[in-house]
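Positions are given from 1 along the sequence.
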Amino acid sequence: MLAKPVRTILLTALLLLGSPARTDTPSSAAQAALREAVTQFLMREASRNSGAVTVEIADAAIPRNAKPCDAPQAFLPSGQRAWGHTTVGVRCPQPAWTLFIPARVRVEDDYLVAAHPLAAGSVLGAQDWEVRRGDVAALPPGTLTRPYQAVGRTLRQAVPGGTALRSNQLLVVQAVERGQRVQVISHGPGFQVGNEGIALTAAADGQPVQVRLDSGRVLQGIARSGGRVDVGQ
């Protein structure tokens with residue numbers, strides 16, 4: 001007759017053999033397809049920015065019971081962007097379903113930090129910043145990434161040394177003033193046409209501006225320094 005401890009050990013062993021082992025199973029084909037669709041979508045969207053892009057999706061972010069889809073369609077829900085912590089929607093046309101997958105987009109790039117404490121009203125020169133490299137998607141919005149964005153610009157507020165320089169710390173310089181006569185460059189596939197007109201609004205470089213051409217037609221374009229407006233890019 002087996003002793004009680006031996007019977008207990010045998011019973012435990014049989015129970016373990018009769019139940020499935022609890023291990024991390026590899027992702028299903030449906031999960032892998034969703035991960036690929038979201039990753040490629042975010043890589044395309046984020047590649048519009050400079051810098052090296054990587055996308056992180058946690059294993060738990062994709063449901064284990066995800067349904068297969070021949071043509072998953074990834075999209076950014078309202079208020080989301082391919083930058084930092086974000087959420088991507090995935091829609092399947094047939095069978096019809098939609099789910100949302102959290103992800104993180106890292107963008108490794110250079111950025112500017114104050115080389116020393118900077119006073120409000122300072123005109124920035126190369127001696128006033130240092131170039132560092134890191135995940136700019138984790139930095140405050142508007143962080144400057146290239147020296148040309150800072151050189152010759154005036155600070156509207158004091159900036160402590162070691163702090164990332166941001167566009168909202170700089171005084172706005174209007175590229176186009178209201179009522180100014182501007183050169184309008186219209187772009188299209190294989191052509192570029194120049195025209196002239198009067199700016200109906202003021203705008204900084206890169207901001208939208210309305211222009212009335214000499215013909216009377218009103219267009220909206222993007223203001224550029226030097227009194228130029230680009231249309232149709």
Roughly how far, to the nearest 0.5 Å, is the NE2 atom of H85 from the CD atom of E56? 8.5 Å

Residue pairs passing the disulfide (SG to SG under 2.5 Å) test with at least one member in residues 84-150, sequence neighbours excluded, are C69-C92

When rounded to the nearest 0.5 Å, the distance separating CG of L34 from CD1 of I101 is 5.0 Å

Pairs under 3.5 angstrom only: tabulate donor-acceptor contacts from the side chains of residues 154-167 to other protein residues two or more places apart or in another chain.
residue	atom	partner	partner atom	Å
T163	OG1	P160	O	3.0
R166	NE	N168	OD1	3.3

Could you give the distance from CG (L42) to CD1 (I57), rounded to the nearest 0.5 Å? 6.5 Å

Without swapping roles, check the side chain of Q31 against the backbone of I62 for a donor-acceptor pair under 3.5 Å. yes

Mind checking side-chain contact (heavy atoms from CB on, under 4.5 Å) for R44 and listing every partner two or more places apart, or none if nothing turns up? Q40, F41

Determine yes or no for a side-chain-to-main-chain donor-acceptor pair under 3.5 angstrom, with Q180 supplying the side chain and E177 the backbone. yes

Side-chain donor or acceptor of Q149 paired with backbone N/O of R146 under 3.5 Å: yes

All N/O donor-acceptor pairs, side-chain side in residues 199-219, below 3.5 Å, sequence neighbours left out:
residue	atom	partner	partner atom	Å
T201	OG1	Q210	N	3.3
D205	OD1	S225	N	3.0
Q207	OE1	A204	N	2.9
D214	OD1	R181	NH1	3.4
D214	OD1	R181	NH2	3.1
D214	OD2	R181	NH2	2.7

Could you check whether T145 and D109, counting side-chain N and O atoms only, form a donor-acceptor pair closer than 3.5 Å? no

Same apolar cluster (I L V M F W Y, side chains within < 4.5 Å links), V151/V172: no

Quick one: do R153 and D128 satisfy salt bridge (charged side-chain N to carboxylate O under 4.0 Å, His left out)? Show the steps, please. CA-CA 11 Å; R153 300 293 298 275; D128 295 319; over 6 Å; no

L144 CG to L112 CG distance, which is reported to the nearest 0.5 Å: 5.5 Å

So, for P147 and W129, which heavy atoms are closest and what is the spacing to 0.1 Å? CB-CZ2, 3.6 Å

Can you tell me how far CZ of R81 sits from CG of L76, rounded to the nearest 0.5 angstrom? 11.0 Å

Set of residues satisfying side-chain contact (heavy atoms from CB on, under 4.5 Å) with respect to Q127, sequence neighbours excluded: none

Would you call D135 and R104 a salt bridge, using N to O less than 4.0 angstrom? yes

With rounding to the nearest 0.5 Å, note down the distance linking CZ in R48 to CH2 in W83. 13.5 Å

Report yes if some heavy atom in the side chain of V184 is under 4.5 Å from a heavy atom in the side chain of V231; otherwise report no. yes

Could you list all the disulfide (SG to SG under 2.5 Å) pairs where at least one residue sits in residues 146-231, not counting sequence neighbours? none

Geometric cation-pi criterion R91 and F75, 6.0 Å radius, 45° cone: yes

Under 3.5 Å: donor-acceptor pair, side chain of R132, backbone of D110: no

Could you tell me whether the side chain of T143 and the main chain of L139 form a donor-acceptor pair under 3.5 Å? no

For R178, does the CZ atom have more than 12 heavy-atom neighbours from other residues, nucleotides or ligands under 6.0 Å away? no

